[in-house]
Structure formats: structure tokens, C-alpha cells
There are 2 protein chains.
Amino acid sequence: MGLRERKKLHTRRAIAAAALRLFAERGYEETTIADIAQAADVSPRTFFSYFPSKEDVVFAEIDERLAEVREGVAQRPPGETPLESMRRIVFAMIEAIAAAHGEYGAIQVQLILERPSLQARALKRMNDTEQHVVERLTELSPDLDEIDAVVIAGALVGGMKAVITHCRAHGYAPAATREAVDRALAIVEHGLGSVPALNRPVP
Amino acid sequence: MGLRERKKLHTRRAIAAAALRLFAERGYEETTIADIAQAADVSPRTFFSYFPSKEDVVFAEIDERLAEVREGVAQRPPGETPLESMRRIVFAMIEAIAAAHGEYGAIQVQLILERPSLQARALKRMNDTEQHVVERLTELSPDLDEIDAVVIAGALVGGMKAVITHCRAHGYAPAATREAVDRALAIVEHGLGSVPALNRPVP
DNA sequence: CCAATATATACACTGAGTGCGAACTTGCAG
DNA sequence: CTGCAAGTTCGCACTCAGTGTATATATTGG
């Protein structure tokens, strides 16, 4: 990795960190791009060569983790059933979200919850992830009907969203979270278990 | 209904119609609020007393129909099981979406599909509807755990989204749509059928 | 017809986001 | 080390969405 790329990554992180810090200190609306740029020691114009909009900077860290999850999903032990794969994906994502509760994680979550426009963007990201799951699913089980794959992905992501919603309302106690995941998966699986293609291992 | 309210509704519709027409003619980005205001014969400032943002005007008609659906969901025949209620809601919504394919419906759908920001807003509306379903569900079955209700709503709305996605890809042929709905519901229900609270009729 | 109230508009302003060309930095080849 | 090509930052000028406010105009109820 050359100097150029390292610098870029550093600048990107500096901008994101400065933005999140300012958002936390004085609020989202009250922070301008100019403020962020100044705090990160770049020109206002440069901000937009790293993030296409002010809203996107909130998702900087989340997007990084999401990319990791997608990588991880790619390689999968042989003999694993599609259903098991799906369970693994869901757990990886929940874990990724929980892990995001680091330095600025709490601020991100709070911002997203209280700004409808950020909520909308978060949902869009979930939807994109869902599309990804559909692709992966049809790849794993070529004999699976497209409509079935779409429904299954929807149910899975819906379940995930349910867990997040539930945890938000009841705090992120690990035991409660685990229980929520188990319950959600149990419910969804009872329906999913009846799709034969999902329970046949692939070579 | 007084003159004042009639006029307001008329202006609202005029603005929405002008906006959709201009979006169709020259594109979304290429149409400014000033253009819309001029076409609807109001001042630019007035636009914002009817719609909070340029994006919201795209959803004007959809929101009207969604409100109708919520009304319809409210009164429900006695003895109907929660599961039957849910099926009724899903069908009503699918129907509402299909009905929106009127004068400007096609333009709306096209706009939403090709602008990520509009997609995000559409998903937010779906999510809000999902919240509504959760509320209604816990109201209908007080003995239903919250987490279960959230998962069920998620699965239902996920299924709905799946149907829409599928229909979009395969055209809106009525037969195909009906089949998609049946398949989606069948899949979801196989899971949902195992939740006892859902199959007990309420007084 | 009058007064209270709701609505429309004009005006001025902030801030997000874009296009462009100039200045600068890095990577690489000779 | 040196200079050239490519990538990156920056300043500047601009458009447009969206807001606050004060003023004018229309509607309603009495």
C-alpha cells in the first residue's frame, strides 16, 4: 500500500472522526461542512471528494464493517446447508452492529434514530444488503425460485431489523440480545424449514 | 368542508400534478422548486407550506392511499383471527400499490427506482407502516410477546416488499402478481402458523 | 360589515453540493 | 536527481433547497 493510499485513508478517517465528534458536541444540524473541514484540517471542497454528502459521513464506519461482513460471507465451509449459511450471515451482521458500539458507535446510533432522513438512509443500506443476500442465495441454491429467495431474504433481514429494534428498546444486554436473535431465527426458520431446497447441502 | 379546505386540497393536488408532469417531461434534477411553483401558479415559498421537501411531493398520492389503507385496517370483522387480519392488510396494500399505477403512477415508480435518495424515502415509509402493523398486532393479541410481534411484522412487510420486487422485475401481469402474493404468504405463514397466539380468534 | 384568523407572498438569508481550473504532491522512468 | 505524468487538494463562483420573518390578502364567524 503506497503512501498515497495511506494518506487518503488517514484523511478519510480524520474527516469522519472530526464530523462525529462535532455532531456529538453541538448536534448534526448545528454542524456545517465548513466546521468539519476546519476540524479535520482540509478544505470544505475536499470533504466532498471523500463523502458524497454530509449524511454519508455518519455511515463511514458502518459501511466499513458491512464490507467486511460481505467478504466473510463469501467463503463458506463445504457441506454447509444454505440455511446454516444464512444463520451465519445473520449472526455476523448482528455482531458487526454490536461491535460498532465503540468510540463513536453510540453517537451514530443516536443520530440515525432521531433524524428521519438518516433513518431512511440506514434502511436503504439494509435493503442493499438484502439484495446482496438474494444474490448469494440464488448462487448457493440454483434450483431455488427467485420469488422464494426474495421472500426468504426479506424475512431474514426483517428478523434482523426486529432484533435491532427490540434491543434498542431494551438496552443492549448481551443475554437479552442473544435471546432475541434466537427467538427471531426460530420464528423465521419454522417457515423457512419447509423450503426443501434450503435443507439440501451443496457440494 | 369549507371553502378554505377545498382550496387547500386543490392547491395541493395542483402542485403535485405540476411537479410530476415536469419530472416526467424534463427529469427530477432538472426541475427546480421555482419551476414547479410557476407551473402550479403559486409562489416558491408556498410550495413548502404544502410539502416539506422536493422529495415528498413524489409520494403525495402514495401517502393518500396509504392513509386510506390504515383507515380500512382499523375496522375489522369480529371473530377474525390475527393471521387473517394480517392477510387482509397485505392484500389491501398490494392492491393500493397496484391502483397507484394510474395517471402519474408509472412516473412515480420510475423516479423512485432510479433515485437512491427516493428509494431510501420509500423504504422509510415502508418501515413506518411496519411500525404501524406492530402496534395493531400487539393491540389485537395482547398476549403476544413484543419481539414476536416485531418479527412477524418484519416478515410480513418483507414478504410484501418481495412481491413488489418480483413484480417489478416481471411486469405487473395480474396472474403473476397473484401467484407471487400466494407464494410469499405461504412461505411466511408456514413460519407464522407455529405461533399459537396468532391462530386464536379475538372477541 | 367587522374583527379574528388562516393563508399567500416577497425578501433576505444559510448551507449543501457541483464544476472548473490552478497549484501542489506523489510515483515513476530515465 | 530530475523532470514528467497522474492524482489530489484547493479556492472560487455558482445553483438550488429550505427557513425565518414581516406584510398583504382572503376566509370565517359574529
Return the value, rounded to whole Å, for the distance between atom [atom1] of [X] and atom [atom2] of [N].
X: I15(B); N: dA17(D); atom1: CD1; atom2: P; value: 14 Å
X: D35(A); N: dT14(C); atom1: CG; atom2: P; value: 14 Å
X: R6(A); N: dG7(D); atom1: CZ; atom2: C1'; value: 16 Å
X: E5(B); N: dT7(C); atom1: CD; atom2: C1'; value: 13 Å
X: R12(B); N: dA8(C); atom1: CZ; atom2: C1'; value: 17 Å
X: E29(B); N: dA16(C); atom1: CD; atom2: C1'; value: 14 Å
X: Y50(A); N: dC10(D); atom1: OH; atom2: C1'; value: 12 Å
X: I33(B); N: dC11(C); atom1: CD1; atom2: P; value: 19 Å

- N or O in side chain of K54(A) less than 4.0 angstrom from dG15(C) OP1/OP2: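 Answer no for this pair, as no side-chain N or O of K54(A) is under 4.0 Å from OP1 or OP2.
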- Are OP1 or OP2 of dT25(C) and a side-chain N or O of K7(A) less than 4.0 angstrom apart?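 Negative; the distance criterion is not met.
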- Message: I'd like to know whether CG of D63(A) has more than 12 heavy-atom contacts from other residues, nucleotides or ligands below 6.0 angstrom.
- Response: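 It does: D63(A) CG has more than 12 such atoms within range.
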- Return the 5'-most residue of the pair G2(B), S53(B) with respect to DNA chain D, ranking by each residue's nearest nucleotide.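 Its nearest nucleotide being more 5', the pick is S53(B).
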- Item | Candidate pair E64(A) and R13(A), rule salt bridge (Lys or Arg N to Asp or Glu O under 4.0 Å), full reasoning | CA-CA 11 Å; E64(A) 272 185 47; R13(A) 294 228 167 108; 3.2 Å; yes
- Start at the 5' end of DNA chain C and walk down; is the nucleotide closest to E55(A) or to K8(B) reached first?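 Of the two residues, K8(B) wins.
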- Message: Any donor-acceptor pair under 3.5 Å linking the side-chain atoms of T46(A) with those of S49(A)?
- Response: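 Result is no, nothing qualifies.
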- Message: So that I can tick it off, tell me whether E130(A) and K124(A) are bridged by a salt bridge, with the cut-off set at under 4.0 angstrom between side-chain N and carboxylate O.
- Response: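 Looking at K124(A) and E130(A), the cut-off is not met.
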- Is any side-chain N of the basic residue among E29(A) and K54(A) closer than 4.0 Å to the acidic one's carboxylate O?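 Not counted as a salt bridge, because no side-chain N and carboxylate O are separated by less than 4.0 Å.
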- Message: Between dT28(D) and R4(B), counting only base atoms on the nucleotide and side-chain atoms on the residue, is there a donor-acceptor pair under 3.5 Å?
- Response: no
- Task: Could you pull out the closest heavy-atom pair between A122(A) and I112(A), with the gap in Å?
- Result: CB-CG2, 3.9 Å
- Considering only heavy atoms, which members of residues 40-48 of chain B lie under 4.0 Å from some atom of DNA chain C?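 By residue number: V42(B), S43(B), R45(B), T46(B).
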- Query: Do the numbers put R125(A) on top of the ring of F59(A), so that NZ or CZ is under 6.0 Å from the six-membered ring centre and no more than 45° off the axis?
  - Reply: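 The answer is yes; both the distance and angle limits are met.
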